Amino acid sequence: MALVNEHFLKLPNNYLFADIAKRVNAFKAQHPKADVISLGIGDVTRPLCEAVRTAMHEAVDEMGSSDTFHGYGPEQGYAFLREAIVKGDYLSRGLHIDSSEVFVNDGAKSDTGNFQELIRWDNSIGVTDPIYPVYIDSNAMIGRAGVVEGGRWSNVTYFPCTAENGFVPALPSSRVDVIYLCYPNNPTGTVLSKAELRKWVNYALHNDALIFYDSAYEAYIQDDETPHSIYEIKGARKCAIEFRSFSKTAGFTGVRCGYTIVPKEVTVATLAGERVPLQGLWHRRQCTKFNGASYVSQRGAAATYTPAGREQVKATIAYYMDNARMMLEVLRAKGWRVWGGENAPYLWVQVPEGETSWRFFERMLYGAQVVCTPGVGFGPSGEGYVRLTAFGSRERTEEALERIVKL
Ligand code: PLP
């Protein structure tokens with residue numbers, strides 16, 4: 001008899017976006033003529049830029065000729081892309097990453113979910129709250145998160161991020177082995193200053209902990225002070241893994257390509273106290289379980305580092321950030337309490353006192369035909385907030401705002 005991995009049965013059945021879709025569909029069934037605008041799901045809407053499309057067309061043509069056909073590629077990514085990443089994303093900021101420390105993947109979701117395989121099941125984990133749900137769910141699947149009690153996982157340490165602390169999480173008061181940080185943050189749209197990020201790196205160094213740093217939205221950072229990479233902080237090469245993605249940077253949500261940086265200095269301990277570098281383990285894991293992102297996707301990703309690609313990608317991000325700016329201005333002018341939206345495509349909106357985030361979601365849907373994401377779906381500290389995204393078209397975003405402020 002094959003036995004199930006019972007940890008899967010501990011996962012709550014409801015998936016946030018499926019729940020939202022169900023409620024929106026019920027509304028549409030009752031109001032078939034309603035024009036519903038979604039400021040909910042965090043998917044991009046602008047098309048791939050020309051430089052990327054041209055590179056991908058050329059790559060497809062190469063695949064169509066026996067002289068230039070590509071079969072299985074290197075599991076850790078083609079050298080042309082890894083070198084472009086090293087130069088374009090790190091050397092350009094004065095950071096030295098070796099191309100053997102770059103692992104190209106099919107997007108950040110896979111690696112933020114899979115990387116925890118490299119550490120023992122009984123390590124403790126800590127997450128900022130609210131949080132991108134993949135971090136906890138992937139740990140729950142192997143039994144590391146415990147069980148859900150009152151909306152919280154019993155073996156997870158939550159670092160609350162709320163209006164009261166300005167969405168800057170406090171360091172843990174008790175030891176945590178692995179810390180998940182995501183900046184710019186999904187869902188709050190807030191960032192960490194260099195000084196704040198330094199506190200986390202120092203915590204990790206002093207406590208022999210690891211930081212899993214998700215910077216999938218770094219391309220949205222607008223000011224000069226906010227760190228784009230955790231490796232801008234001294235000592236981070238000893239304790240941090242960084243996850244990045246072309247999804248939100250270059251509209252690759254349907255193409256699939258991202259990468260993970262695993263510095264050679266990051267080590268973890270055996271029970272006997274011997275230190276083991278994670279870079280070698282991740283290489284081994286990827287060779288066994290991953291066949292690489294497609295050649296065509298990687299050629300497309302590499303094109304974002306060409307001068308034309310850079311300009312075109314920047315223009316798309318500017319388009320979304322103009323939406324975000326406009327949303328912030330309109331909502332704040334109407335007296336709403338809103339965070340994020342300055343260095344991220346997400347706005348985190350406080351709902352009126354006494355209302356829950358699901359109740360507010362219903363009111364937006366039924367009163368304005370606008371879809372938002374209830375903050376509580378991202379964790380207990382998300383109660384009392386909703387997330388709006390700037391990924392829509394200008395016209396639809398403007399229309400949604402007009403309706404919202406009339407509510
Ligand atoms: N990390 C964060 C914080 C995200 O919000 C997302 C997607 O929404 C991802 C990772 C996954 O991105 P990808 O499309 O690269 O898998």
Side-chain angles (χ1 to χ4, degrees), residues 15-18 20-21 38-46 48 52 77 81 85 89 102-116 127-139 159 161 167 169 179-192 211-221 226 228-230 240-261 286 290 292-294 297-298 300-301 304 313 316-317 320 324 340-341 343-348 372-373 375 377-379 382 387-392:
Y15 172 62
L16 174 63
F17 292 104
I20 292 173
S38 178
L39 297 183
I41 292 192
D43 197 357
V44 291
T45 55
R46 306 291 295 161
L48 294 175
V52 166
L81 178 55
I85 289 167
D89 286 342
V102 180
F103 293 85
V104 174
N105 58 31
D106 61 357
K109 188 190 227 177
S110 319
D111 281 12
T112 51
N114 291 330
F115 208 86
Q116 47 78 30
V127 296
T128 54
D129 169 34
I131 190 202
Y132 176 56
V134 169
Y135 313 147
I136 296 187
D137 287 2
S138 55
N139 278 284
F159 313 128
C161 299
F167 300 94
I179 295 155
Y180 286 85
L181 296 178
C182 170
Y183 288 101
N185 188 259
N186 176 15
T188 66
T190 55
V191 292
L192 272 196
I211 296 177
F212 291 171
Y213 193 75
D214 185 345
S215 58
Y217 296 94
E218 68 76 33
Y220 288 82
I221 295 172
T226 301
H228 287 247
S229 164
I230 195 165
I241 308 299
E242 182 159 286
F243 304 95
R244 289 217 186 166
S245 172
F246 296 96
S247 280
K248 307 297 161 69
T249 306
F252 271 48
T253 52
V255 175
R256 310 309 305 150
C257 198
Y259 65 88
T260 298
I261 303 293
Q286 291 296 78
F290 185 59
S294 81
S297 301
Q298 292 191 57
T304 65
V313 161
T316 304
I317 289 173
Y320 295 134
N343 290 297
Y346 296 123
L347 280 78
W348 194 237
C372 60
T373 311
F378 297 101
R387 187 191 74 176
L388 299 181
T389 83
F391 285 131

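Numbering of residues begins at 1 and proceeds along the displayed sequence. All values reported here derive from a predicted model rather than from experimental measurement. In each ligand, atom 1 is the first atom listed, and ligand 1 is the first ligand listed.
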| said: If we count only N and O atoms by modelled type, under 3.5 Å, do the side chains of Thr260 and Asp111 hold a donor and an acceptor together? | reply: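 Their side chains do contain a donor-acceptor pair, which is all the 3.5 Å distance test asks for.
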
| request: Using distance alone, with no hydrogens and no angle criterion, decide if Asp43 and Thr253 have a side-chain donor and acceptor under 3.5 Å apart. | output: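 On atom types as modelled, these side chains qualify, holding a pair under 3.5 Å.
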
| field | Ring centre gap for Tyr135 and Phe212 strictly below 6.0 Å | value |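 No, the ring of Tyr135 stays outside the 6.0 Å limit from the ring of Phe212, centre to centre.
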
| message | Using 30° and 60° as the class boundaries, would you call the ring planes of Tyr346 and Phe391 parallel, tilted or perpendicular? | response |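 Taking Phe391 first and then Tyr346, their aromatic rings stand perpendicular (interplane angle over 60°).
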
| field | Residues in the immediate environment of ligand 1 (any heavy atom closer than 4.0 angstrom) | value |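 Its neighbours under 4.0 Å (heavy atoms only) are Gly107, Ala108, Lys109, Tyr132, Tyr135, Cys182, Asn186, Asp214, Ala216, Tyr217, Ser245, Ser247, Lys248, Arg256, given by chain and number.
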
| field | Smallest separation among heavy atoms of Pro169 and Thr128, with atom names | value |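 Smallest interatomic distance, heavy atoms only, reads CG-CG2, 3.8 Å.
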
| message | Using side-chain heavy atoms (C-beta onward) and a distance below 4.5 Å, is Phe378 in contact with Pro133? | response |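 In contact.
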
